[in-house]
Amino acid sequence: MPVARPEPQEPRVIAHVDMDCFYVQVEQRRNPELRGQPTAVVQYNDWKGGGLIAVSYEARKFGVKRSMRGDEAKMVCPSINLVQVPVARDKADLNVYRSAGSEVVTILSTKGKCERASIDEVYLDLTDAAKEMLLESPPELLELIFEEATKSNILGLPSDVSNREDSVRAWLCRADADYQDKLLSCGAIIVAQLRVKVLEETQFTCSAGIAHNKMLAKLVSGMHKPAQQTVVPSSAVQDFLVSLPIKKMKQLGGKLGSSLQDDLGVNTVGDLLSFTEDKLQEYYGVNTGTWLWKIARGISGEEVEDRLLPKSHGCGKTFPGPKALKNNASVKTWLDRLCEELSERIQSDLNQNKRIAQTLTLYARACKKNKSDSIKKFPSKSCPLRYGTVKIQEDAMKLFESGLHDFLGSQNTKWSITSLSVSASKIFDIPIGTSSILRYIKGPNSTVSPANLDCSSLPEDPSLGNKLYIAPNHEEHCEPSLSEKEDYGNNSNLAKQCQIKEEKKVSKKLTEVKGTCSILKFLSQSPVLSEKRKIDSLICSHPGPESSSEPNKAEEHKAAQYVDRNKFNTAGSNSASSSTWMFNVEDIDPAVVEELPPEIQREIHGWIRPPKQSSSKTRGSTISSYFQPAKSYSLQAIPILL
DNA sequence: ACAGATGGAGAG
DNA sequence: ACTCTCCAT
């Protein structure tokens, strides 16, 4: 349910920028012959020509609509070009569109706060930029108003005049405008500039709405398309809203909008005005009631978030009709593919944006061939996200089994899965200072790089367990510098140890480092390092954090340790060119953390999520707890930035 | 059952 | 914290 936000007192300048039939434009850039042609982007061609997900404006003239089938489109528009979405791992792969969207965001985020609202839409808060322009070069003094800006559509301004651009120019420059409208004029000019820049640098056109809040900006960004922008002067708001069909309002396109129509007889936003706030709260609760009352008056306090990246990553596929998955093996096949893609995407998010996802969720839709209660939904399931393709695949499969268990209940009927998806959410920036762990290990001013770590003479004897050897590349390898001393204080056990060892074994090439087993294990296991090194000798035998509390999983965990030796091959598959390494919590020995200096400990604890409440009460059944994927890890992943 | 894929948000 | 439902494109 929508909720009203406190509105800022100061007038704002907000823009909503929407790419015109974006996927089509991306394909047209790739193949310029498609420009100016009726074109649609379609996914999966095999059934009735595939489903349309973007339609060019030339094709729209023929009545081609999104979510038509390719065959239908051909019927109404025989000359249409149907371009297929790229396919990877037997599923649609939208990555080309995602990165094209990023190109646009990069440009649009240069003039103020920018919120990526979707793959092809952003909100901008241009208040500051507009104010600045008003001070330094107010439109009324501008000799040459920016050409594109004069093509704006100004709500409330007669548009059927012969010299439209002149009247727009006059409006943008009028000296007697109130402060708010002057800011909007500046906003319109800035947006026009941005749109031209987007076109120049990406070849993509877009449309935009400029208003005092997000709601109005969004409402009008699509009013004049393609490649146009629309301004909403505050004086035009009321007239514009009164006649607006209620369903056109964002958030009212669904059931709430229908309820407004069917239950209250509200068909336009104007109709809403006759209801008091109390009355609306009575019908729809205090939150939604207040929100409705305000939006009817064009009031929306929603802020533009400063966020250029998505909050989650998901990938899924539907298995309609006869394609439904009917056994565990086929589910596993598809889940593995989906997880592979998801893993790649969170890995590149980590590498490129230094962000970590914490939660893995599995969604599915299922049918029971039983009879009556086939309306029952397949429950979604989440668990801590562990990096590495194989881990994600394993956890996702466990989530599926858990969900299926709940879905079937006690019944023992046939089932079929019509849709599967996995998603990674709760994504956080890696805290600054993260690299201090590696700095610490490497020592100050060290030029040690993974390649310098000498792992060629690692002990063959697994019983050496917690000892690994690292070759310093110069004497001061472990000597804390002045700043490092400040950072870590005097109780730097490891540094001291290193230092002592260094002094003792000054003649020796290898320095023994105690207590850093897990971290060094990680470093030495990285594919960046050596491939010939014996992995077996590196496997530490420290117990997993959950093995004591969940005896029934101890064995499983032990086995997993050995299976997991491949994890870095997948988690860091492109780590040769990457600047980030990941390892999972089970790869770090808690005892190691205690040996680290407080500063480092604090850093690590900053990444630790409080452990979940003991699940033994809520999940009493042995069966269901068996199906639970790893839940007891309090820390899923630790990044090391190089 | 948008025989799609992806994303965001609020409520319980 | 997890799950469900709704909404948008």
Side-chain angles (χ1 to χ4, degrees), chain A residues 1-5 18-19 21-23 41-55 65-72 85-87 91-95 97-98 101 115-121 123 218 221-222 247-259 285-288 291 302 305 307 309-324 338 341-342 345 358-363 365-367 374 376-384 399 402-403 406 416 418-427 609-613 615 618-619 628 631:
Chain A
M1 285 297 176
V3 172
R5 303 292 177 203
D18 195 333
M19 305 308 293
C21 55
F22 189 46
Y23 293 8
V41 173
V42 67
Q43 52 189 358
Y44 307 130
N45 222 333
D46 60 328
W47 195 75
K48 297 191 176 176
L52 273 54
I53 57 178
V55 181
K65 297 230 174 78
R66 239 189 66 221
S67 101
M68 273 191 348
R69 309 302 308 185
D71 292 348
E72 303 173 61
V85 171
V87 170
K91 68 175 286 298
D93 178 3
L94 305 184
N95 278 325
Y97 310 119
R98 287 193 188 94
E115 173 181 335
R116 192 201 113 127
S118 80
I119 197 168
D120 71 339
E121 289 170 89
Y123 287 98
K218 164 82 179 172
S221 68
K247 286 266 194 178
K248 295 270 188 192
M249 297 288 288
K250 174 124 171 151
Q251 305 279 278
L252 297 183
K255 299 188 176 182
L256 182 54
S258 297
S259 164
V286 48
N287 282 346
T288 304
W291 179 80
E302 205 182 338
E305 246 182 275
R307 179 176 59 78
L309 299 169
K311 288 182 173 176
S312 67
H313 301 288
C315 44
K317 181 166 176 63
T318 56
F319 308 96
K323 298 187 178 170
L338 294 172
E341 181 189 326
L342 185 66
R345 282 167 56 191
Q358 285 202 350
T359 302
L360 175 70
T361 307
L362 175 130
Y363 305 88
R365 272 210 319 251
C367 293
S374 65
K376 189 174 174 186
K377 293 220 160 55
F378 194 101
S380 67
K381 296 285 171 184
S382 303
C383 74
L399 290 175
S402 166
D406 291 359
S416 68
T418 57
S419 154
L420 273 181
S421 81
V422 287
S423 100
S425 59
K426 305 217 176 90
I427 303 178
R609 240 205 289 180
K612 208 180 157 250
Q613 295 293 336
S615 55
T618 49
R619 306 183 195 284
Q628 297 308 315
K631 286 218 182 206

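Just so we're clear, the structure is a prediction, and the values are computed from it rather than from any experiment. For the numbers below, each heavy atom of this structure counts, side chains included, while hydrogens, waters and symmetry mates do not. Proteins come first, then strands; the chains are lettered A, B, ... in the order of their sequence lines, and each starts at number 1.
Phosphate contact (OP1/OP2 of B:dA5, side-chain N/O of A:Thr318, threshold under 4.0 Å): present. For the pair A:Arg69 and B:dG4, the criterion of a side-chain N or O lying under 4.0 Å from OP1 or OP2 is met. One finds no side-chain N or O of A:Ser118 lying less than 4.0 angstrom from the OP1 or OP2 phosphate oxygen of C:dT9. Remark: A:Lys218 is in phosphate contact with C:dT9, judged by side-chain N or O atoms under 4.0 Å from OP1 or OP2. Between C:dT3 and A:Lys381, a contact under 4.0 Å exists linking OP1 or OP2 to a side-chain N or O. Within the 4.0 Å cut-off from OP1 or OP2 of B:dA3, not a single side-chain nitrogen or oxygen of A:Thr418 is found.
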- Message: Protein within reach of the bases, or only the backbone? For nucleotides 7-12 of chain B, mark each nucleotide 5' to 3' as B, S or -, using heavy atoms under 4.0 Å.
- Response: SSSSS-
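Using a 4.0 Å heavy-atom criterion, one finds that A:Leu52 contacts no nucleic acid atom at all. Within the nucleic acid shown, A:Lys91 comes within 4.0 Å of sugar-phosphate atoms alone, with no base atom in reach, counting heavy atoms only. Residue A:Ile119 is classed as having no contact, given no heavy-atom separation below 4.0 Å to the nucleic acid. In this structure, A:Gly321 reaches the bases: a heavy-atom distance under 4.0 Å links it to at least one base atom across the strands shown. In this structure, A:Leu94 reaches the sugar-phosphate backbone alone: every heavy-atom distance under 4.0 Å involves primed, P, OP1 or OP2 atoms, never a base.
Classification of A:Lys323 and A:Asp46 as a salt-bridged pair holds, one side-chain N sitting under 4.0 Å from a carboxylate O.
B:dA5 and B:dA1: their C1' atoms are spaced 14 Å apart (whole Å). The C1' atoms of B:dC2 and C:dC7 are separated by 15 Å, rounded to the nearest whole Å.
For the pair A:Lys91 and A:Tyr44, the cation-pi criterion (under 6.0 Å, within 45° of the ring axis) is not fulfilled.
Between the side chains of A:Lys247 and A:Ser258, at least one donor N or O lies within less than 3.5 Å of an accepting N or O. A side-chain donor from one of A:Thr361 and A:Ser382 sits under 3.5 Å from a side-chain acceptor of the other.
Spacing between atom CG of A:Asp406 and atom C1' of C:dC4 amounts to 14 Å, rounded to whole angstrom units. In this structure, A:Trp47 places its CH2 atom 17 Å from C1' of B:dA5, rounding to the nearest Å. A straight line from CG of A:Leu420 to C1' of B:dA5 spans 13 Å, rounded to a whole angstrom. Summarising the geometry, the separation between CE on A:Met19 and P on C:dT9 is reported as 16 Å, rounded to the nearest angstrom. Here the P atom of nucleotide C:dA1 and the NZ atom of A:Lys426 are 6 Å apart, to the nearest Å. A:Lys48 has its NZ atom 12 Å from the C1' atom of B:dA1, to the nearest Å. If you take CG of A:Leu362 and P of C:dC4, they are 11 Å apart, rounded to a whole angstrom. Atom pair A:Asp71:CG and B:dA3:P shows a separation of 16 Å (rounding to whole Å applied).
With hydrogens and angles disregarded, a donor-acceptor distance shorter than 3.5 Å links the side chain of A:Arg69 to the backbone of A:Trp47.
Closest to the side chain of A:Tyr44, from the set C:dT3, B:dA3, B:dG4, is B:dG4. Each of B:dT6, C:dC4, B:dA5 was ranked by its minimum atom distance to the side chain of A:Pro379; first place goes to C:dC4. Comparing C:dC4, B:dC2, B:dA5 by their nearest atom to the side chain of A:Arg365 picks out B:dC2. Closest to the side chain of A:Pro320, out of C:dT5, B:dG4, C:dT9, is B:dG4. Of all nucleotides listed (B:dA3, C:dC7, B:dT6), C:dC7 comes nearest to the side chain of A:Lys255.
You'll find the side chain of A:Tyr363 stays beyond 4.5 Å of the side chain of A:Val422, heavy atoms only. Counting heavy atoms from C-beta outward, A:Tyr97 and A:Asp120 have side chains that stay 4.5 Å or more apart.
Annotation: the span from A:Leu342 atom CG to A:Ser423 atom OG amounts to 7.0 Å, rounded to 0.5 Å.
Applying the side chain to side chain donor-acceptor pair (under 3.5 Å) criterion to A:Glu121, with sequence neighbours excluded, gives A:His16, A:Ser118, A:Lys218.
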